[in-house]
Amino acid sequence: MKILVLGGGPGGLYSAALLRKNHPDWDITVVERNPHDATYGWGVVFSDRTLSSFREADYPSYRDITNQFVVWDTIEVRYRGETIRCGGNVFAGISRKLLLMLLQNRCREFGVKLKFLTEMREPSELDGYDLVIASDGVNSFVRRTYAEEFKPSVTYGQTRFAWLGTRKVFDAFTFSFRRNEHGLFQAHIYPNDGLASTFIVQCDPQTWRRAGLDHATEAETVAYCEKVFAGDLNGEPLLANKSDWIAFPTVSNKTWRFRNIVLIGDAAHTADFTIGSGTKMAMEDAIALANGFERYGGNIDAALNDFELERRPAIDGIQRAAAESNRYFETTTRYEYFEPMQFVYYLLTRSGRISYDELRRRDSSFVDAMDRWFYARTSGAGHPNKLIVAPSPMLAPLNLRDLTLRNRAVMPAPANYAARDGMPDEAYAAQLDELAQSGASLIVTDILAISPAARITPGCSGLYRPEQAAMWSRLTKQVHDRQAKIAARLGHAGRRGATRARNEGLDLPLIGDGWPLLSASPISFIPGGPVPREMDRADMDQICDQFVRAAQMADEAGFDLLDLHFAHGYLIASFISPLTNRRRDNYGGALENRLRYPLEVLEAVRGVWPERKPLGVAYSATDWARNGLEPEDAIAIARAMKDRGVDLLDVLAGQTVLESRPVFGPYFLTAFSDVIRNEAHIATITGGDITSTDQVNNIVAAGRADLCLMEPPRLNAHYRYIGTDTGAIDGRTGSQG
Amino acid sequence: MRVGIGLPGGVPGVDGSMVIEWARKADDSPFTSLAVVDRYVYDSYEALTSLAAAAAVTTRVKLATTIVIGPLRNTATLAKTAATVDALSGGRLVLGMAVGAREDDYQAANIDYRQRGKIFTQQLAALRGLWESGTIGPRPVRKGGPEILVGGLSDQAYMRAARYADGYVHGGGPPRAFARAADRARAAWRDAGRPGLPQLWGQGYFALGEGAAARGIAYLKDYYAFTGPFADRIAAGLLTTTQSVIQYISGYEEAGCGELVLLPAIAEPSQFDRLAEVCRSL
């Protein structure tokens, strides 16, 4: 087999070495355009897990590499004059140049041909080989040549960064955040070879331009950064090595293989430098490629397929984490109001790969300190360092006006669509009682309709008749007796009203016995469904009065918190989204206009809802649809609502229109809550698929939300160890359906 | 968790009478359902027709499609066929549907592959109405018609399941993969405000007994050849020992699966008996 490896970086050299090691008869040539000792960039970092894979793939090179390593397990963060360290994060660093030398030697030992100072410019130069491994970097010639086949996409990050170095030796991976008159600068500093450190400086594009770095020479960049990070350098100079300011290109490809050509490393995929995975990914690619050929011998097609199947999920995961990390560094200023402990906690958990429990496993004293800080701050328990015992963030109280919630877990009490004339049935009452004993601090009712016509289905509960208020008085007392609090969620279904119970599906119009619908504009929710009437001024007044009356009833019934449902395409939401509001009057058009009626309702409700009781609003941070509401709009909406006395926002998404593209990953609503909370500086609730205490602790500790709506426990998990029926498969556990 | 068994009609060359005999045994077995898979361009039995036959020789077990490729069938035809199977079986049909992944099936059915998502959504939106209104009879046994499950791994699939169906059916794989998909299906369900939890169905392939592994693997590699070397992965997941079957079952159970369907990779009556024996011992 005749193999051409294009590009003599770590990925190319390592694949050549591993393939030749397993197949000494294969003819392998590595072609590199630079001289053998030229390299840009300073050091590279590997986690202990990556190192294990090196050991498995080729022990001698693993030994050579680890002999030259600097190993550390601490991440140090310098922020606002404080230094906080967190241990247990094992990393190893090596200078890139040394790594390349070791891999070149390994290639020579195996008899790989190395050709330096050779550049390929013509596609025809790739002919005559059985296999071409394109490890020719982020600007890959091969990828560009066959762009039609690989279908690459390259997107650039917004921040600018410069790759510098210093002779000053750091003992840990160090993040330094320094603010000057131009803005915020971040340094990512890590040890190289025990004699020097890599020093990457990053900032947002506005700061970069204000500082004049957009037209700075390399020497000017160095001088400027030395000044910004004088407190970290202690007089040591910064060193440059082709240190241009760049925006990070994230490369992905629809496929990494075409005929006998395979892309690996940066040519195939890149991941934001802030998670430091470039060299790791390239070398793991090399291992996977070698394994593919082990599995399928000389069957190139099968081996390349295997390589891609093996690497896709891993690379997707890294790219997702990198995107999260990149998002954090693009928006770091959003979190600058955080106190140092929380700032550091967020930084460490930014990519979503490390949770609260995982961090505790790595460094329990750091997480203990976090717990003390969090509890002291929210409970008024004095200075964190005086505390010996502090509960985890999930168990810290939250104060909203005069209401104190004893922890951060909230349980929804979902509708069972069995109410009669808006009166919840006994099963619903029993469910509330059960939830009140769940340990959650707050129970949120299903949407209580503010009038019969406001109901989603005939089986929905309401708060518009005295009998309902009386029933709720009993139910809120029952919840209070269990030491829990309860929120009334008030709403009007709008154009999603008059549908059948949701046991069989959503938005199925009632047959025959429906009622007229109202909405901001006369657009039906489902194609061919009932068309709502566009609300006129009289409708608006009436609905507003109904909200006010329901709020008064809720207060009298003993609810602790009011949660107005302005989301999911229901009546009030239909005014907010441009997709459902086509009005030409003062209530349509710009966001300010679309928000006018919702804010009128809000103000009227706040006017009657007692000053001492907190008011919440559930609203959508995105429509997940083209031309719909986006998080930037949601921030403006949050600010407007905060100004009018809203204390808590339940940040939801989607369901505005039928044709949306939702995303249901883990934490799928939390990213929106994060943006809203930390831009508008208002307490938020987040939901989604939150099922574990680890998730709640993580979300709350990082300041991504203040409260978490948890899912009720899953039947199977609970029934599993009770072990009732035996024998019949059917009866082993509680059934799902 | 309940365990169902697949009919052997997906294995090439299987004799019709064998499929019937296989189905006939189901009522007196530990299995709670008989399931079928769907593929046009292959030597396999049509899904709903097979279930109609199974309906004739059973009275207890559910009859499930895991899954039928909805868009390959005209919606009225699908509504009619499903209603018929439902009526013939006394309301035992569970209609699992997805868009599938095989372009050749779409070509054979003369349906535009690129429109499959759109067609599927329209189909789901229409089916219940067709049954409920009685426009296309026979009248469904259960109010609202047969239970519907939606399969697929995209966010769109989870949303469709939450919006139009009674639950979600997973395409198979290790319990961890099922758990991830089930989490998303539940999240979408709650987000939509559906009461309770979605029904969650899983599936896997088995081939038990001496020499069965190699034959089962050969079948799966052939059936899933369109996925390229991924067929090897599917084949590697074949359950070939009692140990692997019970571990698979408990893994799915732990992940919250409501009904797990085990599909035969070899069409021999002894396969039914071997799996029944394993399940009886649970």
Side-chain angles (χ1 to χ4, degrees), chain A residues 292 295-296 301-303 305-306 308-309 412 414-418 446-447 456 500-508 511 526-527 568 652-655 658-666 668-669 687-691 709 711-712 714-717 720 726-730 732-733 735-737, chain B residues 1-3 30-32 121-122 124-125 128-129 132-133 143-145 147-148 154-156 158-159 162-167 180 182-201 227-230 232-233 249-250 253-260 279-280 282:
Chain A
R295 223 164 271 156
Y296 292 97
D301 198 44
N305 234 329
D306 184 72
E308 183 152 6
L309 282 168
N416 64 354
Y417 304 102
D446 64 331
I447 301 177
I456 299 167
R500 282 175 269 165
R502 289 181 171 178
N503 305 62
E504 281 158 19
L506 288 191
D507 302 295
L508 303 166
I511 302 163
I526 54 167
H568 285 176
L652 303 176
Q655 294 195 43
L658 207 50
E659 315 77 23
S660 64
R661 303 206 71 87
V663 181
F664 298 112
F668 73 96
L669 291 172
D689 191 39
I690 299 174
T691 54
L709 268 170
E711 305 282 304
R714 287 173 194 158
L715 288 175
N716 282 40
R720 188 167 169 69
T726 48
I729 294 162
D730 201 83
R732 276 185 76 203
T733 59
S735 79
Q736 277 272 303
Chain B
M1 187 179 73
R2 301 172 298 269
V3 177
F31 305 120
T32 49
T121 298
Q122 287 167 354
L124 285 166
R128 281 247 199 271
E132 275 186 1
S133 63
K143 189 176 163 280
E147 287 178 13
I148 294 177
S154 67
D155 286 314
Q156 292 289 95
Y158 304 124
M159 186 175 72
R163 174 161 283 283
Y164 302 106
D166 299 288
R180 267 197 303 275
D183 280 345
R184 283 163 170 72
R186 280 193 207 94
W189 187 268
R190 290 226 168 269
D191 192 59
R194 296 290 300 274
L197 289 165
Q199 291 197 36
L200 296 170
W201 286 55
T227 62
F230 197 67
D232 287 344
R233 295 291 171 91
I249 289 176
S250 64
E253 187 165 25
E254 234 162 281
C257 181
E259 183 138 357
L260 174 66
C279 290
R280 255 186 221 106
L282 286 173

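The sequence lines fix the lettering, A, B, ..., with proteins before strands; numbering per chain opens at 1.
- Of the two parts of B/Arg163, the backbone and the side chain both hold a non-hydrogen atom closer than 4.5 Å to a non-hydrogen atom of chain A.
- Using a 4.5 Å heavy-atom threshold, the side chains of B/Ser133 and A/Ile511 count as separate.
- Looking only at side-chain heavy atoms (C-beta outward), A/Ser660 and B/Met159 come within less than 4.5 Å of each other.
- For B/Asp191, the parts lying under 4.5 angstrom from a heavy atom of chain A are both the backbone and the side chain.
- No hydrogens or angles considered: nothing links the side chains of B/Glu259 and B/Gln199 as a donor-acceptor pair under 3.5 Å.
- Scanning all heavy atoms of the two residues, the minimum distance from B/Leu200 to B/Gly256 falls at CD1-O, 3.6 Å.
- In this structure, chain A has a heavy atom under 4.5 Å from the side chain of B/Glu132, while its backbone stays farther away.
- Heavy atoms closer than 4.5 Å to chain B are found nowhere in A/Ala501, neither backbone nor side chain.
- Both the backbone and the side chain of A/Glu504 come within contact range of chain B, judged by heavy atoms closer than 4.5 Å.
- Using a distance-only test at 3.5 Å, with no hydrogens or angles considered, no donor-acceptor pair links the side chain of B/Arg194 to the main chain of A/Leu506.
- The part of A/Leu669 that comes within reach of chain B is its side chain, from C-beta onward, which places non-hydrogen atoms under 4.5 angstrom from that chain.
- Counting heavy-atom pairs closer than 4.5 Å to chain A, the top residue among B/Lys143, B/Gln156, B/Glu147 is B/Gln156.
- If you measure heavy-atom distances from B/Ala162 to chain A, the contacts under 4.5 Å come from the backbone alone.
- Ranked by heavy-atom pairs under 4.5 Å with chain A, the list B/Gly193, B/Ala185, B/Gly196, B/Ser154 is led by B/Gly193.
- Of the two parts of A/Ile690, neither the backbone nor the side chain holds a non-hydrogen atom closer than 4.5 Å to a non-hydrogen atom of chain B.
- The closest side-chain heavy-atom distance from A/Asp301 to A/Tyr296 is not below 4.5 Å.
- For the pair B/Trp201 and B/Leu260, the minimum side-chain heavy-atom distance is 4.5 Å or more.
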